[in-house]
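Just dropping this structure here.
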Amino acid sequence: MRKHTTIPNSSPVLTRICAIESVMAILRERKPLGEAVSSVGEKLGVPAGEMPFVRNLVAGVLKNLRLLDYIILRLVKSGKYPSDIIAAALRVGGYQIIDGVIPDYAAVDTTVDAVKSFSVHPKEVALVNAVLRNFARRWRDIKLPADRQEYLSVKYSHPRWLVRMFLKQFGDEAEKLLEANNQVPPRTFRVNAARVPPRNLHNWLKDSGFEFEPGGFFEEYFSLKSRVSPAEFPPMNMGLVSVQDEAFAVPVYYLEPSPGEMILEVGAAPGGKTGHIAEMLGGKTRHFFALDISPSRCGVIVENFSRLKIFPPGIVAADFLRAPFRRRQFDKILIDAPCSSLGVIRRHPEIRWHRSPQDVKRLARLQKRLVAAAVPLLKKGGILVFTTCTLADEENLGVLRFAKRSSELVQLPPPDTIPPELIDVNTGAVLTLPHRHNLDGSFTVAFMRK
Ligand SMILES: C[S@@+](CC[C@H](N)C(=O)[O-])C[C@H]1O[C@@H](n2cnc3c(N)ncnc32)[C@H](O)[C@@H]1O
């Protein structure tokens with residue numbers, strides 16, 4: 001973090017300093033948004049009550065980054081940013097002007113005061129002031145590019161390679177996806193059905209005055225409309241619900257876990273789906289194993305189960321490519337694959353700036369190796385479910401084609417519990433899409449071992 005000349009105790013300025021520092025940490029050090037904002041906020045001593053504001057401000061900057069740069073760099077005489085701090089400050093100031101929640105003069109003044117707390121030259125402070133004033137006067141009149149790809153990339157602030165990829169995969173529908181990626185997603189929870197029937201919890205919510213909507217696809221989900229943070233939501237502390245998008249029920253429904261079966265989840269941490277599988281097993285997790293390469297993230301699975309108050313599965317911290325399992329041991333394996341996460345941009349706007357086409361290629365290769373490693377561990381007639389939270393065909397269809405070439409696997413249709421509107425007719429797999437289903441983007445397919 002930067003050294004500041006003085007840290008003001010005025011909270012409007014402090015929150016802008018926090019936003020500027022966070023934007024720098026996310027873009028330069030590739031930190032996840034939540035982690036960056038919390039660690040900067042803690043170091044600067046931003047009051048807890050102000051943190052949601054900072055988080056929204058930073059998310060807003062990331063969702064509008066290309067648009068902001070497009071406007072700002074037309075207003076900076078040199079056509080480039082003099083430094084990372086000034087770039088971040090102009091983006092934070094510019095976003096507040098576009099957002100329009102506070103008057104333009106307040107957006108300009110608080111940003112200029114925030115910049116003063118960094119050790120920058122007075123000329124740079126003057127530049128921020130002049131550019132933001134100009135921004136407020138002129139941003140509505142600046143014409144967007146004529147070229148279609150560049151227009152979409154600037155308007156919806158996605159990198160060009162991603163726009164190109166979405167256009168290739170979705171045609172004209174790509175614009176709706178780009179738009180949905182910038183919208184605020186529902187605040188969805190999954191009921192811990194091993195401890196409370198979903199309907200009872202819904203009734204409790206009603207009686208306690210919480211506003212909510214039942215899930216659109218699976219009965220154990222609901223989205224909370226009341227403005228309460230998960231930490232202050234009593235069913236969360238009691239382990240009766242978990243935060244999870246409804247899309248991620250799909251692979252668990254595909255798996256149809258039942259208590260006597262030997263089940264393995266690969267890529268299990270931090271344990272979102274592991275919890276759901278254990279809930280479906282009614283807590284009978286004796287034959288269930290959850291494996292992840294990251295020991296620290298395996299620790300989070302353990303914490304998750306102590307909150308859910310369910311007996312945990314066998315947790316294995318290991319690289320699945322060197323997995324310590326006997327051959328033909330499992331009835332069912334779920335691979336929740338490491339992926340480019342391009343389906344969850346609406347919840348993690350920084351992902352679009354952190355990924356590259358090379359990541360997609362690298363992950364597509366790793367996913368095929370994970371599938372190949374799973375096949376020998378399955379019993380004859382055993383089931384392999386493969387899932388990602390990405391929308392990159394190179395990963396999803398790459399694995400589907402790879403598995404179809406295997407003489408040992410045969411693709412299975414989705415079970416009847418999966419709503420037909422989630423099934424992709426071209427592949428027979430499930431593809432959830434933010435703009436079509438108001439779900440996070442995900443892909444799931446299943447195979448049987450011959
Ligand atoms: C999509 S995330 C899992 C999300 C999790 N299943 C959930 O629902 O909360 C993929 C996981 O795969 C793990 N992973 C990556 N490479 C692996 C490998 N070679 N062996 C085992 N796990 C791996 C990562 O550590 C990461 O936790």
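For ligands, and for the atoms within them, numbers begin at 1 and follow the listed sequence. Worth knowing before you read on, the calculation uses all heavy atoms, side chains too, and leaves out hydrogens, waters and symmetry mates.
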Give every pair made of an N or O atom of ligand 1 and a protein N or O atom lying under 3.5 Å apart, one pair per line with both atom names and the distance to 0.1 Å, or write 'none'.
| unit_1 | atom_1 | unit_2 | atom_2 | d |
| --- | --- | --- | --- | --- |
| ligand 1 | 6 (N) | E265 | OE2 | 3.3 |
| ligand 1 | 6 (N) | G267 | O | 2.9 |
| ligand 1 | 6 (N) | A268 | O | 3.3 |
| ligand 1 | 6 (N) | D336 | OD2 | 2.5 |
| ligand 1 | 8 (O) | K273 | N | 3.2 |
| ligand 1 | 8 (O) | K273 | NZ | 3.2 |
| ligand 1 | 8 (O) | D336 | OD2 | 3.3 |
| ligand 1 | 9 (O) | G271 | N | 3.4 |
| ligand 1 | 9 (O) | G272 | N | 2.9 |
| ligand 1 | 19 (N) | D319 | OD1 | 2.8 |
| ligand 1 | 20 (N) | F320 | N | 2.9 |
| ligand 1 | 22 (N) | I293 | N | 3.2 |
| ligand 1 | 25 (O) | D292 | OD1 | 2.6 |
| ligand 1 | 27 (O) | A269 | O | 3.1 |
| ligand 1 | 27 (O) | D292 | OD1 | 3.4 |
| ligand 1 | 27 (O) | D292 | OD2 | 2.7 |
| ligand 1 | 27 (O) | R297 | NE | 3.3 |
| ligand 1 | 27 (O) | R297 | NH2 | 2.7 |

**Q.** Side chains of E265 and T274, donor plus acceptor under 3.5 Å
**A.**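 Side-chain D/A pair, E265 to T274: present.
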Q: Step through it carefully: locate the ring centre of F218, locate the ring centre of Y253, and say whether they are under 6.0 Å apart.
A: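 Ring centroids of F218 and Y253 are less than 6.0 Å from each other.
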Q: Return yes when atom CZ of R148 has more than 12 non-hydrogen atoms of other residues, nucleotides or ligands closer than 6.0 Å, and no otherwise.
A: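 Yes, because the 6.0 Å sphere around CZ of R148 holds more than 12 heavy atoms from other groups.
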Q: Search all heavy atoms of L342 against all heavy atoms of L162 and return the closest pair with its distance.
A: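 Smallest interatomic distance, heavy atoms only, reads CD1-CD1, 3.8 Å.
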Q. CD of E173: more than 12 outside heavy atoms within 6.0 angstrom?
A.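 Counting other residues, nucleotides and ligands, CD of E173 exceeds 12 neighbours.
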Q: For the residue pair F289 and F330, categorise the inter-ring angle as parallel (less than 30°), tilted (30 to 60°) or perpendicular (more than 60°).
A: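 Rings of F289 and F330: perpendicular, as their planes differ by over 60°.
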